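Remember, predicted model here, so these are calculated numbers, not experimental data.
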Amino acid sequence: MAFNTITAKEAAEMINNGDTVGLSGFTAPGTPKFISEELAKKAEREHEAGRPFKINLFTGASTSDHVDGVLSRANAYNMRAPYQNVPDLRKRINSHDCHYFDRHLSEMAQEMRYGTYGPIDVAIIEAADINDKGEIVLGCGMGNVPTFAAMAKKIFIELNDKLPHALLGMHDVYMPLDPPYRREIPIFAANDRIGSPILKVDPAKIAGIVRTSSYDCVKPFTAPDEVSKQIGSNVVRFLVSEYKAGRLPKEFLPLQSGVGNVANAVLYDLGESKELPNFMMYTEVIQDAVLDLLQKGKCTFASTCSMTFTDETEQKLFSDLSFFHDKILMRPAEISNNPEVIRRIGVIAMNTALEADLFGSVNSTHVLGTKMMNGIGGSGDFTRNAYLSIFSCPSISKGGLISNIVPMVAHPDHSEHSVDILITDQGIADLRHKDPVERAHEIINNCAHPIYRPLLNDYLKLGAGGQTPHTLHAAFAFHNAFNETGDMRNADYAKYV
């Protein structure tokens with residue numbers, strides 16, 4: 001059937017106050033960019049006229065300023081999930097102008113199908129190509145689009161002419177049956193393909209095609225600083241030691257890496273290592289560094305949910321798709337982050353922390369325990385199920401005003417039971433087969449910054465006793481000192497004893 005070509009504004013006019021909208025994509029890639037901007041303008045017009053206008057928005061993960069930025073500034077969100085990273089939305093969330101709930105990314109699609117969050121009124125999908133049968137070649141990110149498309153009452157397609165049709169074959173669209181009918185996810189190696197290269201939707205639900213032209217506008221990361229480089233070096237040093245000790249198989253294992261400067265530094269260092277064999281990745285996001293690793297042959301295959309490349313790297317990919325075509329595979333989030341698969345194939349998980357405490361628990365979401373930063377993302381999916389779970393962070397922030405190693409994390413996202421290795425610019429703490437006090441000494445001696453080691457040792461001497469010797473009335477002395485004086489070094493346990 002022939003589809004109507006409409007403008008982004010016309011599409012936005014068909015979205016109503018209170019609608020639940022699902023977007024394709026995972027981070028900026030694959031995320032629609034134009035209907036959301038017109039939706040923000042509509043919200044502003046409605047608010048100026050004294051009428052309410054807010055939507056519920058579900059995505060694969062974070063989006064971009066074209067979505068979360070403009071819609072947050074227009075105060076157009078009632079509810080948002082499952083992950084975000086845009087400052088304007090963060091402000092809305094922390095001031096309770098937007099209801100935000102943080103979810104493990106692997107869980108969202110299944111919960112949507114269960115009806116946990118109600119029906120989906122609209123799905124907006126970015127596409128490289130579509131035919132009259134409703135067969136879609138997706139863009140550079142998948143997210144939860146198979147579920148959103150299946151559930152939505154109507155669908156808008158943003159047909160982006162910057163996306164080459166040759167992306168056909170780089171997607172693995174697979175939606176498992178829901179319990180109690182689900183079978184095993186038949187992935188036994190990172191490069192196994194199990195689904196369809198195209199997304200098939202009901203043509204009758206397509207309410208219009210919006211023709212667009214835009215790259216994904218991913219901002220480049222700043223060049224790694226000395227701290228990031230040292231963390232990257234320490235991660236690789238640990239992996240080399242495990243490999244030489246025979247605690248990793250000779251074939252090595254697939255890697256998962258989080259997003260950001262530290263993750264990029266780790267990946268670049270892996271590319272330079274002569275002591276580790278070539279490897280595959282089974283991860284949720286691949287960044288610029290991975291494309292270099294694929295070109296060099298150090299990374300032989302990357303299974304991902306999104307190609308989160310800067311525009312320059314995205315164009316580099318598109319100009320040599322024949323080389324990369326069989327080396328990258330994009331999957332839905334419930335597959336890229338699937339605990340069953342992660343556990344089966346033995347993924348080594350590498351994620352970042354905001355802070356870690358003396359006994360190995362990690363806070364990856366809330367600054368000082370109260371202010372949402374980005375969200376848990378997929379870190380929990382990988383951490384709990386990995387062959388090895390590594391967390392890294394700088395030992396200090398803000399020139400030493402903040403210690404990222406604290407007596408007790410102010411918001412627990414990953415418990416001590418899930419964290420194997422903690423790495424900072426100072427060194428490596430192997431927390432395996434150690435009791436809580438042994439872990440505390442390991443972390444202080446190897447990961448804490450020297451200016452905070454005396455204070456952390458003093459905390460252990462407070463004498464609360466027990467297997468995990470927290471002194472609850474003094475456990476947040478670091479955080480209280482920062483709130484009161486702007487410097488954690490002013491922590492005074494005597495105030496709480």
Side-chain angles (χ1 to χ4, degrees), residues 24-31 60-61 105 126-129 136-143 145-146 160 162-174 185 187-199 215-216 218 252-259 263-264 266-268 270-271 278-338 341-342 345 347-348 350 378 382:
S24 66
F26 193 97
T27 70
T31 299
L105 298 185
E126 184 180 69
D129 197 14
I136 298 170
V137 178
L138 293 166
C140 293
M142 291 264 295
V145 65
N160 188 347
K162 295 294 187 188
L163 299 172
H165 295 180
L167 285 169
L168 176 64
M170 297 185 72
H171 304 88
D172 195 33
V173 181
Y174 181 93
I185 308 298
I187 295 173
F188 304 98
N191 56 352
D192 283 344
R193 298 170 183 252
I194 62 173
S196 168
I198 54 98
L199 173 69
Y215 290 107
D216 285 316
V218 174
F252 208 54
L253 289 169
L255 299 178
Q256 175 260 340
S257 176
V259 179
N264 251 342
V266 170
L267 292 169
Y268 279 120
L270 283 169
N278 298 341
F279 57 85
M280 291 193 284
M281 296 190 71
Y282 192 88
T283 188
E284 57 187 355
V285 168
I286 56 174
Q287 303 178 107
D288 287 13
V290 177
L291 207 70
D292 290 336
L293 293 174
L294 289 165
Q295 281 188 311
K296 293 175 181 176
K298 188 68 176 179
C299 178
T300 59
F301 190 88
S303 169
T304 186
C305 192
S306 174
M307 299 189 292
T308 307
F309 298 145
T310 59
D311 285 356
E312 181 182 355
T313 301
E314 191 170 51
Q315 292 171 50
K316 182 178 172 182
L317 166 77
F318 293 164
S319 68
D320 199 9
L321 265 181
S322 60
F323 174 81
F324 293 109
H325 197 273
D326 63 349
K327 297 175 178 63
I328 300 173
L329 192 63
M330 289 174 279
R331 309 184 195 268
E334 64 179 324
I335 304 301
S336 68
N337 292 41
N338 187 272
V341 176
I342 293 164
I345 67 176
V347 173
I348 298 171
M350 302 182 294
F382 285 92

Participant: Between Leu253 and Phe279, what is the shortest heavy-atom contact and its length?
Facilitator: O-CB, 4.3 Å
Participant: Does any part of the side chain of Met330, heavy atoms only, come nearer than 4.5 Å to the side chain of Leu138, both counted from C-beta?
Facilitator: no
Participant: Any donor and acceptor pair, going by atom type alone, linking the side chain of Ser24 with main-chain N or O of Val145 inside 3.5 Å?
Facilitator: no
Participant: Compute whether any side-chain donor of one residue and acceptor of the other, for Asn278 and Thr300, lie under 3.5 angstrom apart.
Facilitator: no
Participant: Dump the intermediate steps for salt bridge (charged side-chain N to carboxylate O under 4.0 Å, His left out) on Asp172 and Arg193, then the final yes or no.
Facilitator: CA-CA 6 Å; Asp172 195 33; Arg193 298 170 183 252; over 6 Å; no
Participant: Quick one: closest heavy-atom pair of Ala333 and Cys305, and the distance?
Facilitator: N-SG, 3.6 Å
Participant: Any idea which heavy atoms bring Gly258 and Ala263 closest together, and the distance?
Facilitator: O-CB, 3.0 Å
Participant: Hey, could you give me the CD1/CD1 distance between Ile194 and Ile187, rounded to the nearest 0.5 Å?
Facilitator: 4.0 Å
Participant: So, taking the atom named NZ in Lys296 and the one named CG in Leu291, what distance separates them when rounded to the nearest 0.5 Å?
Facilitator: 11.5 Å
Participant: Just verifying a value: how many Å separate Asp216 CG and Thr27 OG1, rounded to the nearest 0.5 Å?
Facilitator: 7.5 Å
Participant: Side-chain contact, heavy-atom cut-off 4.5 Å: Phe309 with Val218?
Facilitator: no
Participant: Check whether any side-chain heavy atom of Leu167 sits under 4.5 Å from a side-chain heavy atom of Met307, and report yes or no.
Facilitator: yes
Participant: Working note: Leu321 + Met170, criterion side chain to side chain contact (heavy atoms under 4.5 Å, CB included); need CA distance, chi angles, decisive distance, verdict.
Facilitator: CA-CA 10 Å; Leu321 265 181; Met170 297 185 72; 3.6 Å; yes
Participant: What side-chain hydrogen bond (donor to acceptor under 3.5 Å, both in side chains) pairs are there with at least one residue in residues 321-330, not counting sequence neighbours?
Facilitator: none
Participant: Could you tell me whether the side chain of Asp292 and the main chain of Ala289 form a donor-acceptor pair under 3.5 Å?
Facilitator: no
Participant: Can you see which heavy atom on Pro254 is nearest to which on Ala190, and at what distance?
Facilitator: CB-CB, 4.5 Å
Participant: Looking only at non-hydrogen atoms, find the nearest pair between Lys162 and Phe318 and report the distance.
Facilitator: O-CE1, 3.5 Å
Participant: With a 4.5 Å cut-off on side-chain heavy atoms, are Tyr215 and Asn160 touching?
Facilitator: no
Participant: So, do Arg331 and Tyr282 sit near enough that their side-chain heavy atoms are less than 4.5 Å apart?
Facilitator: yes
Participant: Could you walk me through whether Ser257 and Leu267 pass side chain to side chain contact (heavy atoms under 4.5 Å, CB included), step by step?
Facilitator: CA-CA 8 Å; Ser257 176; Leu267 292 169; 4.0 Å; yes
Participant: Test side chain to side chain contact (heavy atoms under 4.5 Å, CB included) on Ile286 and Ile328 and set out the steps.
Facilitator: CA-CA 9 Å; Ile286 56 174; Ile328 300 173; 4.0 Å; yes
Participant: If you draw a 6.0 Å radius around CD in Glu312, do more than 12 non-hydrogen atoms from other residues or ligands fall strictly inside?
Facilitator: no
Participant: Check whether any side-chain heavy atom of Met281 sits under 4.5 Å from a side-chain heavy atom of Cys299, and report yes or no.
Facilitator: yes
Participant: May I have the step-by-step check of side chain to side chain contact (heavy atoms under 4.5 Å, CB included) for Thr283 and Leu255, ending in yes or no?
Facilitator: CA-CA 7 Å; Thr283 188; Leu255 299 178; over 6 Å; no
Participant: Can you measure from CD1 (Ile185) to CG (Asn338) and round to the nearest 0.5 angstrom?
Facilitator: 5.0 Å
Participant: Quick check for you: to the nearest 0.5 Å, what is the distance between Phe26 atom CZ and Asn337 atom CG?
Facilitator: 5.5 Å
Participant: Please report the shortest heavy-atom distance between Lys316 and Phe324, naming the atom on each side.
Facilitator: O-CE1, 4.5 Å
Participant: For Glu126, which residues count as a salt bridge (Lys or Arg N to Asp or Glu O under 4.0 Å) partner, sequence neighbours excluded?
Facilitator: Lys33
Participant: Any side-chain to backbone donor/acceptor pair from Glu284 onto Thr304? Under 3.5 Å, distance only.
Facilitator: no
Participant: How many angstroms lie between CE in Met280 and CG in Asn191, if you round to the nearest 0.5 Å?
Facilitator: 4.5 Å
